[in-house]
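Remarks on the structure that follows.
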Amino acid sequence: MTMSHHELTHLLKDCSIALQVPVLLLNHKRKLTFQFPDSFRQPPDFMKKSFYPFLEISRKSPNTLEKFSDEFGQSIFLYSMKIGHEEPVDIVFGPFLHKEIGKKEIDGFVKAEPDYKGKAERLLNYYDQLPVLNPVQMLSMERILIRILSGKQEGHHPRKHSPIQKVYEHYLRNEAAPNNNYQLQERFIHLFKMGGAEALDVYREWRKQLFSSTSHSNALRLEKNQLIRLIGELNQLCLEGGAQLEEVMSLSGFFMNYLETKKTKEELHELEENVIQSFMSRLQRAQEEPVYSPLVERSKRYIFQNLSDPLSLQEIAAAMNVHPNYLSGIFKKETGISISQFINMERVKEAKEMLSISDFTLLDISMKLGFNSQSYFTRVFKKIEGIGPNEFRKKHHIMEE
């Protein structure tokens, strides 16, 4: 893939936002020259060295995406390439985790290190920032990266570009050019962070200017790509504002999949505005929520990650490596509700989103959210919301029939 350093770092930033993983760029001397997000905390030196052998392997197979995992439970995707005639560079997508890393595992990592207690606390904070990806998410991430990175290779004949690749190149060219919509974009972001209702009006104007001169044969695809980028940016703003990673990722994944079902610009614009309102409400809620202890935060994170599966207090306590009675007591003391109530409330929040913007049946929604039957889902929903899911849908469904 041939591009300038500026284009590469711009692309890596977009990858980080869309895929919700850290992205690092190392020069030929393994010196870090770029990372996104800037707030990403680096691991201690003894952990950094675990990836050095993988860099050597990757450089022997340039322009090839490879996945590696180390003894600390971390995984990365590595891609080595040249920028023009410069020395080779290494792109690191990650680190990310396959499962939660708790205190027990961390104590095992650092027990032989000097000042291991201080290192254990710093390491716990380091792991808390890493995304946990399931096998399906990792496979999707790999496919996306291969598609993005598999442009024209050094020493190879150019390959016929797919429509998606052409759209992406068009996006890159526009992004590199001066953008006279910058002020509208900045105003929209400011209003979004403030929770201002005018954010929607400003976004409509921004979107109108973005596509005012679009004569592309697949204009709907371009608008869908813009919506994907918007979801990534709102995702990042919510995370920076303190929203739960798993909750925001779940919302992003749902919207990114659902937008592909839209067949007209009108449908897409309607969904677009719902996207903005949904993320805005997540950000506002995050800013209003109190700060909980690490145990309660990790328990909530585990619940968000497994919301579609059967969940029990015993299972969650085992994952947290604490006694169920202790977890139950501390959770209720800090949140004011039991773990089972919290699970049902979060499932109902997701159900309300689906009832409002999708045409999934009640059975589909109950299965997707881990309820053991449609009738049980209906009872729980009515107890929390005061009305049944069908009645809620009639009042709040916003999409076209």
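Positions are given from 1, in the same order as the sequence printed here.
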(request) State, with a plain yes or no, whether a side-chain heavy atom of I91 is found less than 4.5 Å away from one of L12. (result) yes

(message) Are K224 and R229 packed together at the side-chain level, in the sense that at least one heavy-atom pair is separated by less than 4.5 angstrom?
(response) no

(message) Between F188 and I276, is there a side-chain heavy-atom distance shorter than 4.5 Å?
(response) yes

(message) Between N235 and I231 (side chain of the first, backbone of the second, donor and acceptor by atom type, cut-off under 3.5 Å), is there such a pair?
(response) no

(request) Would you confirm whether Q35, through its side chain, and L32, through its main-chain N or O, come within 3.5 Å as a donor-acceptor pair? (result) no

(request) Kindly state each residue pair satisfying side-chain hydrogen bond (donor to acceptor under 3.5 Å, both in side chains) with at least one member in residues 374-388, sequence neighbours excluded. (result) K352-E385, S373-S375

(request) Answer yes or no: is there an ion pair linking K67 with E142, defined by an N-O contact shorter than 4.0 Å? (result) no

(message) Any carboxylate oxygen within less than 4.0 angstrom of a Lys/Arg side-chain nitrogen, looking at E273 and R204?
(response) yes

(message) Check whether S61 reaches the backbone of S58 with its side chain - one donor and one acceptor, N or O, closer than 3.5 Å.
(response) no

(message) Just so I know, are the side chains of L97 and L133 near enough to count as touching, which here means a heavy-atom distance under 4.5 Å?
(response) no

(request) Kindly write out the residues that satisfy side chain to side chain donor-acceptor pair (under 3.5 Å) with N390, not counting sequence neighbours, or none if the list is empty. (result) none

(message) Any side-chain to backbone donor/acceptor pair from S328 onto P324? Under 3.5 Å, distance only.
(response) no

(request) May I ask you to say whether E297 pairs ionically with R301, meaning some side-chain N is under 4.0 Å from a carboxylate O? (result) no

(message) Looking at every non-hydrogen atom in both residues, tell me the closest pair between L283 and K193 and how far apart they are.
(response) CD2-CA, 3.8 Å

(message) Counting C-beta onward and ignoring hydrogens, is there a side-chain heavy-atom pair between H98 and S69 closer than 4.5 Å?
(response) yes

(request) Verify whether one side chain among E315 and Y302 offers a donor that lies under 3.5 Å from an acceptor in the other. (result) yes

(message) Going by ring-ring contact (aromatic ring centres under 6.0 Å, His included), name the residues that satisfy it together with F381, two or more places apart in sequence or in a different chain.
(response) F377, F392

Under 3.5 Å, which donor-acceptor pairs link side chains of residues 337-344 to any protein atom two or more places apart or in another chain?
| unit_1 | atom_1 | unit_2 | atom_2 | d |
| --- | --- | --- | --- | --- |
| S338 | OG | S340 | OG | 3.1 |
| S338 | OG | Q341 | N | 3.2 |
| S338 | OG | Q341 | OE1 | 3.3 |
| Q341 | OE1 | S338 | N | 2.9 |

(request) Could you tell me which non-hydrogen atom of P95 sits nearest to which non-hydrogen atom of L130, and how far apart they are? (result) O-CD2, 3.6 Å

(request) Report yes or no: does R347 contribute a side-chain atom to a donor-acceptor pair with the main-chain N or O of L307 at less than 3.5 Å? (result) yes

(request) Determine the minimum heavy-atom distance between F331 and T335, stating which atoms define it. (result) O-OG1, 2.7 Å

(message) If you define the side chain from C-beta out and look only at heavy atoms, does anything of E353 sit under 4.5 Å from F255?
(response) yes

(message) Looking at S358 and L355, would you say the former's side chain and the latter's main chain have a donor-acceptor pair under 3.5 Å?
(response) no

(message) Taking side chain to side chain donor-acceptor pair (under 3.5 Å) as the definition, give me every residue that meets it alongside E105, ordered by chain and number, with sequence neighbours left out.
(response) none

(request) Give a yes or no on whether the backbone of S293 and the side-chain of E334 come within a donor-acceptor separation of less than 3.5 Å. (result) yes

(message) With salt bridge (charged side-chain N to carboxylate O under 4.0 Å, His left out) as the rule and sequence neighbours excluded, what pairs involving residues 55-66 come up?
(response) R30-E56, R59-D90

(message) For R41, is there any backbone N or O sitting under 3.5 Å from a side-chain donor or acceptor partner on Q129?
(response) yes

(message) Is it true that Y203 and E198 share a donor-acceptor pair across their side chains at a distance under 3.5 Å?
(response) no

(message) I'd like to know if the side chain of T261 reaches the main chain of Y258, judged simply by a donor and an acceptor atom lying under 3.5 Å from each other, with no hydrogens or angles considered.
(response) yes

(message) When you measure from the side chain of T33 to the backbone of L25, do you find a donor-acceptor pair of N or O atoms at a distance under 3.5 Å?
(response) yes

